[in-house]
Chemist: 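Shown below is the structure under consideration.
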2 protein chains.
Amino acid sequence: MVYSAGLAGSITMARGFTPLYQRVIDTIEGDIRTGRLKPGDQLPSTDQLRQSMGISPGTIRKGIDMLIDRGVLRGHQGLGVFVAEKS
Amino acid sequence: MVYSAGLAGSITMARGFTPLYQRVIDTIEGDIRTGRLKPGDQLPSTDQLRQSMGISPGTIRKGIDMLIDRGVLRGHQGLGVFVAEKS
DNA sequence: CTGGATTTGTACGTATGTATT
DNA sequence: CAATACATACGTACAAATCCA
C-alpha cells in the first residue's frame, strides 16, 4: 500500500487548495471505493501513514478522526484502525 | 454566556471520563437545545472559549471542527462561528 | 487605498494515558 | 514486563478572510 502524498517536503505548503488532512481523507476513502481497502481491513498505523505521506501525526490523526466520526472507520485502542463493516 | 468547564452537568459522565473536546461539544449542543444559542447566532471566539473553559485552543477547535463537520455549526474565516440555519 | 486588529483555518511537534498483544 | 498503536491534550506558528479606522 502506497499512500504517497506527493509534494512531501514542501515546507512552505505551496499546495493547491486542498488541505493535507483532506488529502488523508481522500486517500483512504478512495482506497475504500476502489476496493483496495475492504470492510474489516486494518489501516496502516498512524506512524506508517505519517512516514509514507510525509504528513505530521496530528494532521494524519485529524483526517482519521473525521472518518471515525462519520462512521467510515473504527478505531480500537491498542489494536489499530479498521474500515467499518457497515456504512 | 457561561461556558464553564466544571464537571457538573456533563451529559456523558458514564464510565467516569469525558474527554475535554466532548465537553466542548456537549456544552455547545446543550446551549442549542435549550435555545440559549439559536440558528444564526454567533459563538464566542475560540480565544474566549479557551479562556472561559480553561481548555487549550487546539482542543476547543477539535470540538468545533466536529460540529462543523456534522453540520451543526458553520465557520466563516475572519467572521466567526455560527449556529447552522438548517439541522 | 492601506494597514492593523480580530478570528477562523491549517499544520506542526510533543507529551502522556490506555488498551492490546 | 515490553512493544505496539490508538486516544487525548497541550502549545505554537502562520495563512487567510473580514472589518474598520
Side-chain angles (χ1 to χ4, degrees), chain A residues 1 3 5-28 37 40-84, chain B residues 1 3 5 7 10 12-28 37 40-84:
Chain A
M1 202 163 297
Y3 282 113
L7 301 181
S10 173
I11 295 179
T12 50
M13 279 190 327
R15 66 185 196 278
F17 11 68
T18 305
L20 296 182
Y21 73 83
Q22 186 62 51
R23 216 178 292 174
V24 174
I25 291 173
D26 291 345
T27 303
I28 295 172
L37 280 175
D41 279 359
Q42 180 171 8
L43 268 68
S45 73
T46 302
D47 194 62
Q48 284 179 328
L49 290 174
R50 175 189 64 72
Q51 291 180 47
S52 62
M53 299 190 70
I55 295 175
S56 75
T59 301
I60 296 284
R61 188 64 210 172
K62 173 166 182 173
I64 291 178
D65 276 346
M66 284 188 162
L67 291 179
I68 289 176
D69 193 57
R70 294 177 190 173
V72 175
L73 301 178
R74 296 241 164 83
H76 293 283
Q77 199 167 359
L79 271 177
V81 177
F82 301 83
V83 180
Chain B
M1 201 163 298
Y3 284 110
L7 298 164
S10 191
T12 50
M13 281 301 281
R15 287 185 16 210
F17 174 67
T18 305
L20 295 183
Y21 73 83
Q22 186 62 50
R23 218 178 288 173
V24 175
I25 292 174
D26 291 345
T27 303
I28 295 172
L37 281 175
D41 280 359
Q42 180 170 8
L43 268 70
S45 73
T46 302
D47 194 62
Q48 285 178 327
L49 291 174
R50 175 189 64 73
Q51 291 180 47
S52 62
M53 299 190 71
I55 294 174
S56 75
T59 302
I60 296 285
R61 187 65 210 172
K62 174 166 181 172
I64 291 178
D65 275 347
M66 283 187 163
L67 290 179
I68 289 176
D69 193 57
R70 294 176 191 172
V72 175
L73 301 177
R74 296 241 166 86
H76 293 283
Q77 197 168 0
L79 273 176
V81 178
F82 301 83
V83 180

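Letters go in sequence order (proteins before strands), and every chain restarts at 1.
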Chemist: Is it true that B:Arg50 and B:Asp47 make a salt bridge, defined as a side-chain N closer than 4.0 Å to a carboxylate O?
Modeler: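 B:Asp47 and B:Arg50: salt-bridged.
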Chemist: With side-chain contact (heavy atoms from CB on, under 4.5 Å) as the test, would you mind laying out the steps for B:Ile64 and B:Ile28 before giving the verdict?
Modeler: CA-CA 9 Å; B:Ile64 291 178; B:Ile28 295 172; 4.2 Å; yes
Chemist: Measure the distance from CD on A:Gln51 to P on D:dT4 and round it to the nearest whole Å.
Modeler: 12 Å
Chemist: Just how far, in rounded Å, is P of D:dA9 from CE of B:Met53?
Modeler: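 Computing the B:Met53:CE to D:dA9:P distance gives 11 Å.
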Chemist: Which pairs, protein N/O on one side and nucleotides 7-9 of chain C N/O on the other, fall under 3.5 Å?
Modeler:
unit_1: C:dT7; atom_1: O2; unit_2: B:Gly78; atom_2: N; d: 3.4
unit_1: C:dT8; atom_1: OP1; unit_2: B:Thr46; atom_2: N; d: 3.4
unit_1: C:dT8; atom_1: OP2; unit_2: B:Thr46; atom_2: N; d: 3.0
unit_1: C:dT8; atom_1: OP2; unit_2: B:Thr46; atom_2: OG1; d: 3.1
unit_1: C:dT8; atom_1: O2; unit_2: B:Gln77; atom_2: NE2; d: 3.4
unit_1: C:dG9; atom_1: OP2; unit_2: B:Arg61; atom_2: NH1; d: 2.4
unit_1: C:dG9; atom_1: OP2; unit_2: B:Arg61; atom_2: NH2; d: 2.0
unit_1: C:dG9; atom_1: O5'; unit_2: B:Arg61; atom_2: NH2; d: 3.4

Chemist: Determine which pairs satisfy ring pair (Phe, Tyr, Trp, His ring centres under 6.0 Å) with at least one residue from residues 42-69 of chain A, sequence neighbours left out, and list them in order.
Modeler: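 The answer is none; no pair qualifies.
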Chemist: How many whole angstroms separate atom CG of A:Leu49 from atom C1' of D:dC6?
Modeler: 12 Å
Chemist: Pairs in or reaching into residues 41-80 of chain B: which pass ring pair (Phe, Tyr, Trp, His ring centres under 6.0 Å), with residues at least two apart or in two chains?
Modeler: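 Found B:His76-B:Phe82.
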Chemist: Roughly, in whole Å, what's the span from CD1 in B:Ile55 to P in D:dC10?
Modeler: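 So the CD1-P distance, B:Ile55 to D:dC10, works out to 7 Å.
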Chemist: Can you check whether A:Val81 reaches A:Leu67 side chain to side chain, under 4.5 Å on heavy atoms?
Modeler: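 A:Val81 vs A:Leu67: side chains apart.
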Chemist: Distance check needed: D:dA9 C1' versus B:Arg50 CZ, whole Å only.
Modeler: 15 Å
Chemist: Compare side-chain N and O positions of A:Ser56 against OP1 and OP2 of C:dC12 and report whether any pair is under 4.0 Å apart.
Modeler: yes
Chemist: Under 4.5 Å between any side-chain heavy atoms of B:Asp65 and A:Lys62, yes or no?
Modeler: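 In short, these two side chains touch, coming nearer than 4.5 Å.
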Chemist: Please report, rounded to the nearest Å, how far the P atom of C:dC12 is from the CZ atom of A:Arg23.
Modeler: 10 Å
Chemist: Round to a whole Å and report the spacing from CD1 of A:Ile60 to P of D:dC6.
Modeler: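 To the nearest whole Å, that distance equals 11 Å.
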